[in-house]
Amino acid sequence: MPVYPPINVFAFDLDGTIYKGNTIIDGAAEVINYINNLGIQIVYFTNSSTRTREQIVDKLGGMGLVTSLNKVYTSAYATAVYANEKSYSKVWCIGTAGLNSEIETFGIQIAEDISLAEALIIGLDPEFDYNKLAEIMPFRSSDCPIIACNRDRSYPVENGRFLPGCGPIVAAVEDALGRKVDCVTGKPSTYMLGLLTSDWNYINSDIIVVGDSYDSDIQMANSYGCRSFLISSSMNHCTDGTTIVQNIGDIIQYLT
Ligand SMILES: [Mg+2]
């Protein structure tokens with residue numbers, strides 16, 4: 001990994017990189033502490049669309065990783081920022097209370113009458129069902145924008161298990177409405193990196209992305225011109241400049 005330009009901020013993915021479910025991954029705390037001691041900033045970049053940033057700060061804090069609200073970027077938060085940029089006042093939302101809460105923080109209302117919604121927002125919703133799909137059918141014949149938090153197929157939890165992600169819900173909505181979403185705010189979109197650079201006055205070469213998903217984390221980093229570490233036990237060669245490590249703890253050897 002080139003030493004110059006210097007790295008000014010690490011953007012760590014969460015699911016599968018820092019933790020799986022409620023269990024911190026071996027070596028994650030050591031790497032975070034090591035980078036902290038180097039005086040390099042750490043932010044967290046997650047496609048999670050179910051939790052508020054406060055809940056992520058609390059979850060990380062419970063694992064001994066102290067951070068703050070302004071260093072956590074989630075696809076729920078990014079979607080709320082995007083909706084605010086578009087000046088929506090009422091949106092229809094498929095998602096959890098956490099997603100609603102992030103949107104409402106910007107003074108945007110969650111519509112109860114679908115005819116008043118200015119956009120449809122889709123996040124991961126563990127209670128998504130046929131009725132929720134039936135409810136949004138009026139969007140079939142409208143030109144209301146559809147914004148998805150992400151298209152992740154699945155995400156890893158403990159014991160080698162995976163749970164379905166937001167992607168299958170987005171696919172169901174697209175199929176039912178007969179049209180594609182207009183915007184995706186989460187990875188591999190670079191929207192969250194855009195927020196990071198403008199919030200903290202960084203440029204792309206200041207940032208290194210660390211994640212376990214080539215299609216999400218590394219594609220995002222490549223699209224934005226950032227360096228990256230891919231944590232992977234199955235890939236050992238990559239031609240596009242990402243540095244592959246088997247375990248998160250292996251990153252330390254590149255920083256000494
Ligand atoms: Mg991940």
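Numbering of ligands and ligand atoms starts at 1, following listing order. Note that the coordinates shown come from a computational prediction; the quantities given were computed from them, not determined experimentally.
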Enumerate the residue pairs fulfilling side-chain hydrogen bond (donor to acceptor under 3.5 Å, both in side chains) with a member in residues 164-181, sequence neighbours excluded, ordered by first and then second residue.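 Found Arg151-Glu174.
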Is the distance from the Mg ion (ligand 1) to some N, O or S atom of Asp217 under 2.8 Å?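 It does not: Asp217 brings no N, O or S atom closer than 2.8 Å to the Mg ion (ligand 1).
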Taking the six-membered ring for Trp, is the centroid-to-centroid distance between Tyr191 and Tyr82 below 6.0 Å?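 Judged by ring-centre distance (under 6.0 Å), Tyr191 and Tyr82 do meet the cut-off.
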Metal-centred angle, OD1 of Asp212 through the Mg ion (ligand 1) to O of Asp15, rounded to 10 degrees: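 Rounded to 10°, it measures 100°.
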Looking only at side chains, do Tyr224 and Thr197 share a donor and an acceptor under 3.5 Å apart?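 Judged by distance alone, the side chains do pair up.
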Which atom, among the N/O/S set of Asp13, is closest to the Mg ion (ligand 1)?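 The Mg ion (ligand 1) is closest to the Asp13 atom OD2, counting only N, O or S.
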ILVMFWY network linking Ile94 to Leu124, side-chain heavy atoms under 4.5 angstrom: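 No, no single cluster joins them.
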